[in-house]
Amino acid sequence: MASSSSTSLSLLLLLLLSLLSVSSAQSITRAAGILSDSGFKSMSLALNLASDSLNTLSPSLTVFAPADAAFSTSGQPSLDLIRLHILPVAFPLRSLKSLPFGAKIATLLDGDSLTVTTLPADGLVSLNNVTVTATPIFDDGALIIFVIDRFFDRYFRISGPIGSQSPKILGSCSATRNPNETAAAETAEFSEASEVLRSKGCSVMASFLDMQFHGFLKYQTMLTIFAPVDQVMVSRIGDLGQYSSVLHRHVVPCRLSWSDLNSLEDGSLLRTNLQGFDINVSRYDSVLELNGVSVIMPELYHNDWLVVHGISEVLELPQSTTQNPTEPNPVVPSPPQSPADGGRSAGIEVTVKT
């Protein structure tokens with residue numbers, strides 16, 4: 001029975017990925033047409049020429065289109081540079097504005113991200129020290145196109161001192177969900193979260209969550225889910241034995257908002273639903289990282305008991321692990337402990353620095 005269910009999920013996910021590939025190709029073609037109609041002929045031509053090499057396995061895209069004058073100055077861009085100007089998710093302006101200075105945003109160019117350089121006093125969004133137009137020239141929820149006056153510099157880096165964050169105690173990790181909330185209401189909220197994930201390019205993770213839906217709801221605990229984008233999940237499709245491990249190591253039995261995560265001290269450990277697997281919180285150039293993976297879409301979805309954050313990569317198992325990768329932790333959080341126990345609280349282990 002379990003084998004049949006896993007096989008059905010594999011077939012469903014493979015079909016999903018084939019549809020996403022077609023959808024992404026159509027999005028590139030659409031973007032090229034919209035840019036041409038809007039007077040951005042050079043970027044339109046560049047997308048058309050590179051379209052066969054820009055499959056993203058995501059139905060959503062954000063394109064940053066340099067003005068024609070930038071092409072006249074810099075010449076025809078390489079395929080890698082074109083990829084740097086495309087995000088594998090639809091990133092609305094309000095989401096860009098919500099990111100802190102130094103945050104990293106994953107692009108189609110593997111291993112290369114855009115860095116948020118917007119300062120608190122700035123009225124416009126800035127990425128890699130390039131100003132983004134105040135409003136997109138196109139936005140239908142799945143495809144968003146912004147204009148920039150010059151190309152992003154692939155080798156841009158932030159220099160200078162990085163400020164530190166102050167830690168705080170998170171009470172939400174020892175809290176349970178509202179017992180008066182009906183199962184129907186929770187089901188509707190979970191379905192809403194899955195739909196948001198699909199619309200933001202995290203369809204594979206949404207399918208994993210749908211399969212484990214009833215398992216999560218039977219425990220009255222709050223949850224945080226870290227959702228990798230479809231582009232990095234493609235290699236996980238077909239390996240049936242890894243489905244449970246991949247899902248449970250991205251789930252924390254605790255509700256952690258973006259501000260909660262930002263308040264954690266470097267070295268804090270988050271216990272996950274996979275036995276023996278913890279998430280180490282750190283910062284690189286002031287960017288919040290989880291086991292070295294950047295949070296690129298904070299609070300994709302949130303309600304009173306569930307928060308979902310989008311991340312740029314899969315949280316990998318350490319190579320030296322000896323745990324059973326398919327054995328999840330129980331979802332019930334541990335009771336809160338006293339400060340004398342080394343600063344531990346349910347779901348979170350805070351490293352005490354001396």
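Along the sequence shown, the residues carry numbers beginning at 1.
Looking at Ser95, its side chain never comes within 3.5 Å of a backbone N or O of Phe91 through a donor-acceptor pair. Side-chain atoms of Ser282 do not come within 3.5 Å of backbone N or O of Asp266 as any donor-acceptor pair. A donor-acceptor pair is defined here as one N or O able to donate and one able to accept, closer than 3.5 Å; such a pair exists between the side chain of Asp230 and the backbone of Ser203. Listed for the Ser294 side chain is no donor-acceptor partner under 3.5 Å among the backbone atoms of Ile296.
Scanning all heavy atoms of the two residues, the minimum distance from Asp110 to Gln231 falls at OD1-NE2, 3.9 Å. Heavy-atom minimum distance, Ser194 versus Ala206: O-CB, 3.7 Å. Closest heavy-atom contact between Phe138 and Arg30: CZ-NH1, 3.8 Å. Pairing each heavy atom of Thr117 with each of Asn128, the nearest pair is OG1-N, 3.6 Å. Nearest heavy-atom pair, Arg249 versus Glu316, reported as atom, atom and distance to 0.1 Å: NH2-OE1, 4.0 Å. The minimum heavy-atom distance linking Leu124 with Thr118 is given by the pair O-CG2, 3.5 Å.
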Listing, residues 64-71 side-chain donor-acceptor contacts under 3.5 Å, not counting sequence neighbours, or none:
unit_1: Asp68; atom_1: OD1; unit_2: Lys41; atom_2: N; d: 3.4
unit_1: Asp68; atom_1: OD1; unit_2: Ser42; atom_2: N; d: 3.1
unit_1: Asp68; atom_1: OD1; unit_2: Ser42; atom_2: OG; d: 3.3

Side chains of residues 80-88: which donor-acceptor pairs under 3.5 Å do they make with residues two or more places apart or in other chains?
unit_1: Arg83; atom_1: NH2; unit_2: Ser53; atom_2: O; d: 2.9
unit_1: His85; atom_1: ND1; unit_2: Leu81; atom_2: O; d: 2.7
unit_1: His85; atom_1: NE2; unit_2: Phe152; atom_2: N; d: 3.0

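Clustering ILVMFWY residues whenever any of their side-chain heavy atoms sit less than 4.5 angstrom apart, transitively, puts Val130 in the very cluster that holds Leu109.
Separating the CG atom in Asp112 from the NZ atom in Lys104 is a distance of 9.5 Å, to the nearest 0.5 Å. To the nearest 0.5 Å, atom CD of residue Glu299 and atom OG1 of residue Thr224 are 9.5 Å apart. Between the CG atom of Asp140 and the CD1 atom of Ile145 there is a distance of 9.0 Å, given to the nearest 0.5 Å. To the nearest 0.5 angstrom, Leu114 atom CG is 11.0 Å from Asp153 atom CG. Here Leu96 contributes atom CG and Leu127 contributes atom CG; the two are 6.0 Å apart, rounded to the nearest 0.5 Å. The structure places CD of Glu289 at 10.0 Å from CZ of Arg283, a figure rounded to the nearest 0.5 Å.
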* side-chain hydrogen bond (donor to acceptor under 3.5 Å, both in side chains) between Lys200 and Ser60: does it pass, once the steps are laid out? -> CA-CA 6 Å; Lys200 298 299 183 182; Ser60 305; over 6 Å; no
* Tell me, with the steps shown, if Asn262 and Ser259 meet side-chain hydrogen bond (donor to acceptor under 3.5 Å, both in side chains). => CA-CA 5 Å; Asn262 267 316; Ser259 61; over 6 Å; no
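Centroid-to-centroid, the aromatic rings of Phe226 and His250 stay 6.0 Å apart or farther.
Shown here are the ring-ring contact (aromatic ring centres under 6.0 Å, His included) partners of Phe40, two or more places apart in sequence or in another chain: there are none.
In this structure, Arg271 does not pair ionically with Asp278, as no charged nitrogen and carboxylate oxygen lie closer than 4.0 Å.
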